Amino acid sequence: IVFGDWSSDVCSSDLNNPNPAGDYINFKINGQDGQKTHAEVFDRLGRMVACAEFTNGNNHAIDVSGLAPGAYVIRIYTGGEMIREMFIKN
């Protein structure tokens, strides 16, 4: 997975999110057909504030328009791996 500058061998992913983010975090995961991807967004207190499930091979977007401005963590689970990255919401 490639998330920012981090990578592993399972599959590849391109994080295309604007950082700082506006209304959406955008990313693409390339993996095995039919493999599910789960994404979660957490605030600074560790509370999950958004989540979504996707099937790999498509462009994905998580709606963060309802979040208050500040720092957040996104976790993406796919192929038995978890990627964690921080982003700023405007």
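Since this is a predicted model, take the numbers as computed values, not measurements. We count residues from 1, following the sequence as given.
Not a single donor-acceptor pair under 3.5 Å links the side chain of Lys89 to the backbone N or O of Pro20.
Contact check for Val41 versus Ile62: side-chain heavy atoms found under the 4.5 Å cut-off. Side-chain atoms of Ile76 and Phe54, non-hydrogen and from C-beta on, never get closer than 4.5 Å to each other.
A distance of 12.0 Å separates CD1 of Ile74 from CZ of Arg84, quoted to the nearest 0.5 Å. The CZ atom of Arg75 sits 10.0 Å away from atom NE2 of His38, with the distance rounded to the nearest 0.5 Å.
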Enumerate, atom names and distances included, each donor-acceptor pair closer than 3.5 Å involving a side-chain atom of residues 45-53, sequence neighbours excluded.
| from | atom 1 | to | atom 2 | distance (Å) |
| --- | --- | --- | --- | --- |
| Arg47 | NE | Asp43 | OD2 | 2.7 |
| Arg47 | NH2 | Asp43 | OD2 | 2.7 |

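When the side-chain hydrogen bond (donor to acceptor under 3.5 Å, both in side chains) test is applied to Asp63, the partners found at least two apart in sequence or on another chain are Ser65. For Tyr72, the ring pair (Phe, Tyr, Trp, His ring centres under 6.0 Å) test picks out Phe87, with sequence neighbours left out.
At a threshold of 4.5 Å between side-chain heavy atoms, the hydrophobic network of Ile, Leu, Val, Met, Phe, Trp and Tyr places Val73 and Leu67 in two separate groups.
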